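In this text the structure is predicted, and so the values were computed from the model without any measurement.
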Amino acid sequence: MGSLQLKSIRKTYGTHEVLKGIDLEVKDGEFVIFVGPSGCGKSTLLRSIAGLEDVTSGAVVINGRDETLTPPAKRGIAMVFQSYALYPHLTVKDNMGLGLKQAGTAKDEIDKRVGKASGMLSLEPYLARRPAELSGGQRQRVAIGRAIVREPELFLFDEPLSNLDAALRVQTRLEIARLHRSLKATMIYVTHDQVEAMTLADKIVVLNAGAIEQIGSPMELYKRPANVFVAGFIGSPQMNFIAAEKVGDHSAKTIGVRPEHLTLSREQGTWVAKVVHVEHLGADTIIYLESDQCGLLTARLFGEHQYEPDEIVYATPDQAHVHRFDVDDQAIR
Amino acid sequence: MGSLQLKSIRKTYGTHEVLKGIDLEVKDGEFVIFVGPSGCGKSTLLRSIAGLEDVTSGAVVINGRDETLTPPAKRGIAMVFQSYALYPHLTVKDNMGLGLKQAGTAKDEIDKRVGKASGMLSLEPYLARRPAELSGGQRQRVAIGRAIVREPELFLFDEPLSNLDAALRVQTRLEIARLHRSLKATMIYVTHDQVEAMTLADKIVVLNAGAIEQIGSPMELYKRPANVFVAGFIGSPQMNFIAAEKVGDHSAKTIGVRPEHLTLSREQGTWVAKVVHVEHLGADTIIYLESDQCGLLTARLFGEHQYEPDEIVYATPDQAHVHRFDVDDQAIR
Amino acid sequence: MSETDNTVDIVPIRRPVRWHIFVFMLPALIVYSAVMVLPLIETLRLSLYNTVDGQPAFVGLANFKVLFGDARWARDFWNALVNNLIFFAIHMCVQNPIGVALAALLSVPKLRGVAFYRTAMFLPTLLSFVIVGFIWKLILSPIWGVAPWMLDLIGLKFLFAPWLGKSGSALIAVSLISNWQYIGIPMMLIYAALLSIPEEVIEAAECDGITGWAQFWKIKLPLILPAIGIISILTFVGNFNAFDLVYTVQGALAGPDMSTDILGTLLYRTFFGFQLQLGDRSMGATIATVMFLIILAGVSLYLFVIQRRMRRYQF
Amino acid sequence: ADVTLTVESWRNDDLQIWQEKIIPAFEAKNPGIKIVFSPTAPTEYNASLNAKLDAGSAGDIITCRPFDASLELFNKKQLADITSLPGMENFSPVAKAAWSTDDGKSTFCVPMASVIHGFIYNKDAFDKLGISVPKTQDEFYAALDKIKADGTYIPLAMGTKDLWEAATMGYQNIGPNYWKGEDGRAALIAGKQKLTDADWVKPYEELAKWKPYLGDGFEAQTYSDSQNLFTLGRAAIYPAGSWEIALFNSQAQFKMGAFPPPVPKAGDTGYISDHPDIGVALNAKSTHAEEAKKFLSWVASPEFADIYANSLPGFFSLNSSPVKMSDPLAQEFVSWRGPYKSTVRSTYQILSRGTPNLENETWVESANVINGTDTPAVAAKKLQDGLDSWYKPAK
Amino acid sequence: MSKARTSPIRTGLVHLALGAYTLVALFPVFLTIVNSFKDRASIFREPLMIPTPSTFSLVGYQTVLGQGDFATYFQNSFIVTIVSILLVLLFGAMAAFALSEYRFRGNMLLGLYMAIGIMIPIRLGTVAILQGMVAAGLVNTLTALILVYTAQGIPLAIFILSEFMRTVSDDLKNAGRIDGLSEYAIFFRLVLPLVRPAMATVAVFTMIPIWNDLWFPLILAPSEATKTVTLGSQIFIGQFVTNWNAVLAALSLAILPILVLYVIFSRQLIRGITSGAVK
Ligand SMILES: Nc1ncnc2c1ncn2[C@@H]1O[C@H](COP(=O)(O)OP(=O)(O)OP(=O)(O)O)[C@@H](O)[C@H]1O
Ligand SMILES: Nc1ncnc2c1ncn2[C@@H]1O[C@H](COP(=O)(O)OP(=O)(O)OP(=O)(O)O)[C@@H](O)[C@H]1O
Ligand SMILES: [Mg+2]
Ligand SMILES: [Mg+2]
């Protein structure tokens, strides 16, 4: 029902090539997340799928039909815009209901669905307000609500939770997951939040500068990043990269160790280092180290730990989780 | 230099009271972060400090002078707007430089500062573009750049990093921290990101429905939340709340245990529960449990762990980290 | 906010026929073409005809030759054109800046009484020419006039002159009356444009220390430039078609000594005739055609050069 | 059913008289015919009438301007030939001249009224200052000087703002005395005289002399300003047309008198401008031609002449049968018809057919001469040059 | 009450400037109305004076109301003006949307074609228009006037509205498209409400020349039943005697309805503010 194929999509603005040939297959009912650095073309790709952007070349195939030239209204999609794009002259309720009204849905049904969506997104008190009277997070929720009331087969979300607080974010994330299960709709989702990406996605697509770096399940990307870029991009704090020769490994150019795969000890270990800075997050402690041998290292420890700047510690990588990359920055498997 | 006092600030929109008497003291050079649920009034408070919003009652005292009626331009502040609010007709460079130009800063100096800021924010390639040609994250960075080039005594940031990817986010966060140290400016910062709040803040202000719930250092809030609201709001995933009587504790109404303070074991433990759902984040594993005794529980384990739904496990709270709340939801110390 | 830049033409991939474009255009096209364009073309066509031996005959460009070649026609025409340029220049230098300034003042946030001011300032625009002509003639009249009386009050009576009756000042006086009457138009348009600038951008400017005059100059003005373009071109078109005010204030002969004759009055006199002068449709149409070409040149310049270069910002 | 005839006219001023007197009088005699008098503001009349005639939506009865404007309509076959209409015999060829073809063979309008130029003066002022009515040019200026010296009154109520005032009330008013009325006019049309000849320049020289006697700021003084100045008693002499009589009678609070344009020297023959002004015609496309002709015949009758001339003192009937008028001022004007030789305005017949239009130029130049913008000689030369550019009387 | 963003001095200066210009704008209008209540002599003798018992006169109004059926004239003016405005707004906005929203071949030329109408005075086409109306049997109907005014107003409406429609955010229209709104729905439900200030402006600009027009009522619909106020007032403008009392009275009366229309439309200006639409 909601399958999607992108065939070497290219998009240029003037001379600036924003999408450099994207090929992608999304199966019906899949939850696909696009991640990538700011400006890498995620929104542009999403807009191309929606038909809002005329692609320079390539084809968008939805449900097996080439829809490259179909107007957005006919593609049966719903989209949450990064910029919200709420209708400023309509109330929250009408913002959500307009699409349904347009489709001729019965009034009760509209009310029911809007009621449900606004309940889910804690928007009930604001139904009669206009967007200008809402806070940033409330606007974003209205934008989400507007998409979900329509229950289409293909959802496109562009950073839908970026303005929500942690609690609401978790809650909304769970709602979206539930929606995905209950509607069996295909969802394509852009986010820069690692937790969202890891928890929601069936498949993560890592984009960089308009091209796909790797496609895979969350754990695949975490455990077996195809290259330095993906390794560095997935996981926060970022993976530590160490010039391989410095640590005596000559079969690789770079080795990578995630902060959570470093153990610290005051007594002994592989690399000696000096504590530079400590961040206490409550549940975790992030320790920044400076080592003569490996340069800057980040370690992430569970729970609270007391280390003081300038203390000397030993860091030991978990050998089972060391990543190795060749001169082309590709992973060595 | 950049001290700030808010004296029972109230703000109503029509009959809707958005700020219900905010008292706050910010010392010169402090880094204060406002957190709170979406729509609780963070932006409104920030805008009141800036002078963009006329408060209904109360006083804004900057550097000891009552500036409640001073126009924004004369308050010596810089602000990053949640909605960016870039000048659409100016290039990135001019967007950042306009305020300085207006203040009569020499051209070299402007170029120098803009150059520095854009380097810091990786905006160099876009200096000649206009906002419409930028991605969401790029726009947000321009908005940050525009504020920091002015080097005022008081910075107001409204969710400045919400559209940035993880890597850039960490990087920008560190830049802001460095800026704070080097300029010795006072910064007031709104975010919904726990990590940002925990790592940047000297002092976190938790707002809820227009009132302050608690003010304190990050670890203070994490370790000694004053009430159920703060306990639930700080920390992600949220603290588990258990009706005290269910677990035989009659000196409190509710007890709270953070997910990271639950240990799981297949063999033995305090509470027996069934695994409902498992989220693998790579560095952590979040396990959702259903227990007859305590209802829904969330546990967060460091690293990777294999649990299957429907498995029966035992959860044991770390007694040193159990929080207890009375009937008024206030913490019992 | 985002912006469409019209200069970048996206190469459309073969699209299906977009019928809605026809539907959107059709009603306007039909009414406009049938009731306006066809009759006007019919009229402009007359510029290629003239009466030869009592019969209408095709004469090619002969009428234009007469208009520019015959010393009298040419004198009248150039006189009117020069006057018209002055008329236009005065509008551009007085009416539009004042209109923009008033709109800027009206849009000062949280100002009381805006509705009153706006209505009051727009009132002259609502008046018919008959009233405007009458009342200003009365005000400026040396005999009954309010103007001399008021100048007298402040001891400046000697400054007074029968402005409308002197060839040196009549054109300026009429232009100023016209400015007075029409200032509401640029004011309204600019006001509407100013209103659509997002509040947050202005707030950002306030925080940046860009306030008052600088804010208008550096933030608002660039954002309302398209509206200023519109008022300029409307002023241009309006001034080169103007006629009624001169006609009611100075008469069809645009006295004294033709000093207020503009293309519009010349055209009407020629086309419809006046007093004993019989209407000369052919020469009238010839003048109309020339005027049309002048205005067309201006509008094309605007549409194809200025408007295309002008950046628009979406809010 | 009744036939309704629509009368197109520029005479708004007459609306009431038509509705209260003329139409009832006609309808009483002609049951089955209804008349609607539908006047247009005079400035719009020619243009709108032409458009309506061209499109075929004009009324049945058309009010005619004198001379070329109507001739043109007749030539375009928009006005019917009514040479043989019953009642036309009531008019002399001179009266019909304004609405006949150049050869005088066809007439297309029933003449209704003419207007006479002269000067109306404030009798009270004259009495107070001990001025007697001037007969000659010298007496005229003497009177003006005396009024000016006294200072109570503006000597002459005339402005140049509206241009036509200067031309019609000034130039056409005093001109016939210098160009010798019809003789000069005919000679000009025949090409035997030129506007630069002394006879034609002289009126301008006289006009130029008026300047000091006009009110302050006369350059911006409009026609209605002049009327008001005079009727409010602030001016002593008003260069007039007879049409002012009705208004002045109702407005002025003082006694008035009139005198014809002063002759250059005592004993010279006096000329007056007695100018046919209004006629009525039949729209050639009228669907009720028969009824319309009935109406026109009635307009040609003495009965109409009587109603019209008495309701509108100052508009003198052109009907051969004399009309008894009750208004003293009107009587005074009409009394000049005997001793003075009548002529029509010099620019109206034939000479204003081309471009530049002599009448329009005359307006402009008359104002210029009074304003001092042009000397009389220059003004005359401009007029003649304009005329020469299209008028070739020899042909 | 003083506010952070509005200093009393600045506000005072703004009021001063606006007040000063308001005086300039209103003074002649005030004179007109004051004089419409005076007798003819004092209009000219003391144009500045407020009517005193001795100069007060309603003769102008009496003449106006006694002459012809001014109630009908007002009704005609109203019908013609309002219907024309509605049609101009509808047709003009539709065309403006097509021209500003879609790129298609000939877009520019079509735009230029639609602009021709503001370049030649429509009066020149009178004869052909009148002939057309005669042929269609529309002479002396309000329909004829409405047609002409609609045609006359469309070019300006397109010109102004298309400029304003370009400032409506693409994201917003796109959101509508995604929502399944047809192009028509996007036009009627999203774009039209958002350009309300511009629509109000166009309505006002269209309204003035229609209300004050003399020419077409004179040519196309001079009959008693179809006369408009302005045409009705022209009755008082004569060849030699202009009845200024009546003209002033009639035209003062005519200001009122158009003023009401203006106030109605200019309200719309304020309502349609679009801030907070898109971030
Ligand atoms: N103009 C307005 N009229 C009425 N209510 C408003 C207006 N602006 C904001 N509000 C309400 O005020 C409350 C506080 O808004 P504010 O923008 O300060 O929230 P916030 O804490 O910044 O939320 P978020 O994290 O979602 O940005 C919200 O509930 C919002 O709906
Ligand atoms: N109209 C335009 N003209 C030129 N370049 C553009 C235009 N719109 C976007 N770009 C550029 O295209 C690139 C991709 O933009 P896009 O919005 O797809 O990024 P993104 O991946 O969504 O980033 P973010 O996470 O910051 O939202 C960016 O570098 C941006 O600067
Ligand atoms: Mg994006
Ligand atoms: Mg906010």
Side-chain angles (χ1 to χ4, degrees), chain C residues 2 4 18 20-21 24-25 27-28 31-32 35-40 42-43 102 105 108-111 117-128 130-131 135-136 138-139 144 146 149 185 188-189 192 195-196 198-199 226 230 237 241 271 288 292 295-296 299-300 303 312-315, chain E residues 6 14 17-18 21-22 25-26 28-29 31-32 44 47-48 91-92 94-95 97-98 102 104 111-112 115-122 124-125 128-129 147-148 150-152 154 160 163 166-167 169-170 183-184 197-198 201 204 208 212 230 247 251 255 258-259 262-263 266 269 273-275:
Chain C
S2 62
T4 23
R18 292 172 294 173
H20 47 265
I21 299 182
F24 279 128
M25 288 301 309
V31 176
Y32 169 76
V35 185
M36 194 150 185
V37 177
L38 290 180
L40 285 176
E42 179 64 25
T43 300
L102 290 176
L105 291 179
V108 166
K110 301 193 183 139
L111 197 68
Y117 287 130
R118 214 181 27 194
T119 312
M121 290 171 185
F122 201 78
L123 206 54
T125 314
L126 299 176
L127 301 181
S128 89
V130 182
I131 286 200
I135 206 72
W136 276 102
L138 192 61
I139 290 174
W144 327 101
V146 177
W149 180 81
I185 300 247
M188 279 275 280
L189 257 173
L195 282 188
S196 60
E199 181 68 4
I230 290 193
V237 170
N241 273 330
F271 192 88
F292 170 64
I295 297 173
L296 185 69
V299 173
S300 307
L303 276 184
R312 285 180 188 70
Y313 306 98
Q314 297 187 333
F315 305 124
Chain E
T6 48
V14 169
L18 289 175
Y21 192 83
T22 304
L26 280 190
V29 181
L31 277 187
T32 307
F44 287 96
L48 250 187
F91 295 170
M94 281 165 60
F97 182 68
Y102 308 108
F104 52 90
L112 193 60
I116 288 177
I118 51 175
M119 302 183 224
I120 322 174
I122 188 174
L124 294 186
I129 291 175
L147 278 176
V148 171
T150 306
Q152 175 191 317
I154 280 176
I160 296 178
E163 193 62 61
R166 288 196 180 98
T167 66
S169 155
D170 281 337
E183 296 301 316
Y184 307 107
T201 311
V204 170
I208 300 161
N212 286 326
T230 315
V247 173
L251 293 176
I255 299 178
I258 194 178
L259 189 64
Y262 168 75
V263 170
S266 66
L269 258 181
I273 301 171
T274 66
S275 70

(request) Go through the atoms of C:Ile135 and report whether side chain, backbone, both or neither lie under 4.5 Å from a heavy atom of chain E. (result) side chain

(message) Quick check on C:Leu127 against chain E: is it the side chain, the backbone, both or neither that has a heavy atom closer than 4.5 Å?
(response) both

(request) Take E:Thr150 and C:Val35 through the test side chain to side chain contact (heavy atoms under 4.5 Å, CB included) and record every step on the way to the result. (result) CA-CA 9 Å; E:Thr150 306; C:Val35 185; over 6 Å; no

Rounded distance (nearest 0.5 Å) linking atom [atom1] of [X] with atom [atom2] of [Y]:
X        : Y        : atom1 : atom2 : value
C:Leu105 : E:Tyr21  : CG    : OH    : 12.5 Å
C:Ile131 : E:Thr32  : CD1   : OG1   : 5.0 Å
C:Met25  : E:Tyr102 : CE    : OH    : 12.0 Å

(request) Check step by step if side chain to side chain contact (heavy atoms under 4.5 Å, CB included) holds for C:Phe122 and E:Val204. (result) CA-CA 10 Å; C:Phe122 201 78; E:Val204 170; 3.1 Å; yes

Pick one of side chain, backbone, both or neither for [X], based on which atoms fall under 4.5 Å of a heavy atom in chain C.
X        : answer
E:Ile255 : side chain
E:Val263 : side chain
E:Ile208 : side chain

(request) Specify the closest pair of heavy atoms between C:Met36 and E:Gly117, including all atoms of both residues, with the distance to one decimal. (result) CE-O, 3.1 Å

(message) Minimum heavy-atom separation for E:Gly125 and C:Leu40, please, with both atom names.
(response)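 Looking at all heavy atoms of both residues, the closest pair is N-CD2, 3.7 Å.
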
(request) Using a cut-off of under 4.5 Å on heavy-atom pairs, state which of E:Ile120, E:Val14, E:Ile258 scores highest against chain C. (result) E:Ile120

(request) Name the option with the most non-hydrogen atom pairs under 4.5 Å to chain C; the candidates are E:Ala151, E:Gly92, E:Ala98, E:Ala115. (result)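 Counting heavy-atom pairs under 4.5 Å, the top option is E:Ala151.
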
(request) Give the member of C:Thr43, C:Thr119, C:Leu126, C:Leu123 that has the highest number of heavy-atom pairs under 4.5 Å with chain E. (result) C:Leu126

(request) Mind ranking C:Asn241, C:Val31, C:Ile295, C:Val237 by heavy-atom pairs under 4.5 Å with chain E and telling me who comes out on top? (result)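 Greatest number of close heavy-atom pairs with chain E: C:Asn241.
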
(request) Step by step, work out the side chain to side chain contact (heavy atoms under 4.5 Å, CB included) result for E:Leu18 and C:Leu111. (result) CA-CA 11 Å; E:Leu18 289 175; C:Leu111 197 68; 3.6 Å; yes

(request) Side-chain contact test, heavy atoms from C-beta onward, threshold under 4.5 Å: evaluate it for E:Leu31 versus C:Leu138 and give yes or no. (result) no

(message) Quick one, C:Arg118 and E:Ser266 - any side-chain contact, counting heavy atoms below 4.5 Å?
(response) yes

(message) Please enumerate all residues that pass side chain to side chain contact (heavy atoms under 4.5 Å, CB included) together with C:Ala28, with sequence neighbours excluded.
(response)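 Testing C:Ala28 for side chain to side chain contact (heavy atoms under 4.5 Å, CB included), a comparison that skips the adjacent residues, returns E:Phe91, E:Ala95, E:Met114, E:Ile154.
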
(message) Run the side chain to side chain contact (heavy atoms under 4.5 Å, CB included) test against C:Val37 and tell me which residues pass, sequence neighbours left out.
(response)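 For C:Val37 the side chain to side chain contact (heavy atoms under 4.5 Å, CB included) partners, ignoring immediate neighbours, are C:Tyr32, C:Ile41, E:Tyr113.
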
(request) On the 0 to 90° scale, with breaks at 30° and 60°, tag the C:Phe24-E:Tyr184 ring pair as parallel, tilted or perpendicular. (result) tilted

(request) Go through the steps for C:Val130 and E:Leu251 under the test side chain to side chain contact (heavy atoms under 4.5 Å, CB included), then give the verdict. (result) CA-CA 8 Å; C:Val130 182; E:Leu251 293 176; 3.7 Å; yes

(request) Would you confirm whether E:Thr22, through its side chain, and C:Ala120, through its main-chain N or O, come within 3.5 Å as a donor-acceptor pair? (result)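 Not a single qualifying donor-acceptor pair exists.
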
